[in-house]
Amino acid sequence: MTNSLNFKQRLFLIVFTVLIGSNLEIFEIEIRFHLRQIIEIKYYYESVAINIDRFAIEFLIQLAAAILLGTTVIPRSIKNTIFSKWDRVLLSLFLFVPIAIFCDQAFIGRFIPGSIYLHDLTTGLYFTPLFLIIGLYILPKFITLTEYNPVKAFKGGLLACLLCLPFVWFYDTLFNHFPFYLSAYSDWLQNKPEENHIYYFIGYLISHYSTFETYIGSTGLIWQCIWFIASGVSAWFAYFIIYQNNLKSWQDEAGVFE
């Protein structure tokens with residue numbers, strides 16, 4: 001069995017990386033939205049309450065569907081493929097990504113011109129050159145075809161996410177935080193020395209990423225743990241598809257010489 005990727009496998013890995021990478025932040029936004037609907041946290045933990053509404057029910061149905069498909073339906077429907085316990089867990093986690101993004105009441109509205117989904121998807125596609133580097137050079141180094149090594153593939157996904165984060169933070173700072181900072185604090189900044197504005201902005205960023213209220217209730221760094229999990233699981237799924245394809249090709253070739 002060869003340990004090198006053929007052209008089709010490389011093309012699949014590249015396309016898959018672009019698709020997942022451009023939708024990764026959208027998945028995080030969906031999870032954050034639903035969890036914030038379920039767990040109501042007042043300012044600085046003055047009170048914490050569990051709220052079960054239609055969004056919570058929608059979230060639980062999505063999660064249950066991913067678990068059912070990943071642990072039972074798909075493993076039983078695919079013949080000649082052995083799914084271990086961890087394969088079923090990882091498959092469930094991966095399926096939760098597209099299910100959480102698309103399978104809800106706003107499915108059709110996502111594809112209407114001007115929708116938030118298409119806007120966020122376009123923003124994600126700005127990082128396509130980075131995704132191409134990951135799909136071409138980073139992830140292949142973590143793919144072992146001579147033996148099944150899902151942990152190594154998962155680590156490759158974590159490394160890919162770690163590589164993307166500085167670029168995402170830079171884009172977010174330049175095009176989101178900085179314009180918001182200027183508009184929200186314009187009156188206050190007029191009374192401050194201009195040479196100190198950059199230091200005030202740095203303080204604003206530190207405050208934004210360091211308070212518990214930001215961590216849990218807004219868009220703090222803790223939410224980007226979701227990126228790492230989704231990235232690692234997605235890298236495993238791409239590896240699983242490629243490994244099974246390679247294994248089948250090897251078995252077919254071995255059958256010819258019997």
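For the single chain, residues carry numbers from 1 onward in sequence order. Note that these values count all heavy atoms, side chains included, but never hydrogens, waters or copies made by symmetry.
Between L63 and I99, every side-chain heavy-atom pair lies at or beyond the 4.5 Å cut-off. With a 4.5 Å cut-off on side-chain heavy atoms, C103 and I61 do not count as touching. Contact check for F180 versus L182: no side-chain heavy atoms found under the 4.5 Å cut-off. Looking at heavy atoms from C-beta onward, L11 lies in side-chain contact with V15 at the 4.5 angstrom threshold. The shortest distance between side-chain heavy atoms of L130 and C164 falls below 4.5 Å. For the pair F240/F83, a side-chain contact is recorded, criterion being any heavy-atom separation below 4.5 Å from C-beta on. Looking at heavy atoms from C-beta onward, Y200 lies in side-chain contact with P193 at the 4.5 angstrom threshold. Two residues are said to be in side-chain contact when any heavy atoms from C-beta on lie closer than 4.5 Å; L158 and I229 fail this criterion.
Taking the side-chain hydrogen bond (donor to acceptor under 3.5 Å, both in side chains) definition, one finds that R54 meets it with Q105, sequence neighbours left out.
For F167, the CZ atom is loosely surrounded, since the number of other residues' heavy atoms within 6.0 Å does not exceed 12. Heavy-atom contacts from other residues, nucleotides or ligands closer than 6.0 Å to CD1 of I82 number 12 or fewer. Atom NZ of K152 has more than 12 heavy atoms from other residues, nucleotides or ligands within 6.0 Å. Under a cut-off of 6.0 angstrom, the local environment of CZ in F33 is crowded, with over 12 non-hydrogen atoms contributed by other residues, nucleotides or ligands. Within a 6.0 Å sphere centred on CG of L174, other residues, nucleotides and ligands contribute more than 12 heavy atoms.
A continuous path of hydrophobic side-chain contacts links V168 to F228 [ILVMFWY only; heavy atoms under 4.5 Å]. There is a path of hydrophobic side-chain contacts, each under 4.5 Å, that joins L24 to F170. In terms of hydrophobic clustering, with Ile, Leu, Val, Met, Phe, Trp and Tyr side chains grouped at heavy-atom distances under 4.5 Å, F94 and L69 are assigned to a common cluster.
Atoms CZ and CD1, from R10 and I242 in turn, are 9.5 Å apart once rounded to the nearest 0.5 Å. Between the CZ atom in F201 and the OH atom in Y181 there is a gap of 8.0 Å [rounded to 0.5 Å]. Atoms CD1 and CD1, on I134 and I20 in that order, are 12.5 Å from each other to the nearest 0.5 Å. Put simply, CG on L93 and CH2 on W86 are 9.5 Å apart, with the number rounded to the nearest 0.5 Å. In this structure, the separation between CG on L247 and CG on L145 is 10.0 Å, given to the nearest 0.5 Å. L13 contributes atom CG, which lies 11.0 Å from atom CD1 of I138 (distance to the nearest 0.5 angstrom).
Hydrophobic cluster membership for I116: none, as no Ile, Leu, Val, Met, Phe, Trp or Tyr side chain comes under 4.5 Å of it.
Summarising the geometry of F12 relative to A238, their closest heavy-atom pair is CE2-O, 3.8 Å, with the distance given to 0.1 Å. Residues L139 and A160 approach most closely at CD2-CB, 4.4 Å, considering heavy atoms. Considering all non-hydrogen atoms of both residues, I112 and L118 come closest at O-CD1, 3.5 Å. The shortest heavy-atom contact between F27 and A100 is CE1-CB, 3.8 Å.
In terms of modelled atom types and a separation under 3.5 Å, the side chain of Y239 and the main chain of N149 share a donor-acceptor contact. The backbone N or O of I241 lies less than 3.5 Å from no partner atom in the side chain of Q244, so there is not a single donor-acceptor pair. T128 contributes a side-chain N or O that, together with a main-chain N or O of L125, makes up a donor-acceptor pair within less than 3.5 Å.
Checked against F96 for a ring pair (Phe, Tyr, Trp, His ring centres under 6.0 Å), the options F102, F237, F59 give a single hit: F59.
Between Y243 and Y148, the angle of the ring planes lies from 30° to 60°, which puts this pair in the tilted group.
No side-chain donor-acceptor contact under 3.5 Å links Q62 and D104.
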Between D87 and S84, does a side-chain hydrogen bond (donor to acceptor under 3.5 Å, both in side chains) hold up when you go through it step by step?
CA-CA 5 Å; D87 287 338; S84 68; 3.2 Å; yes
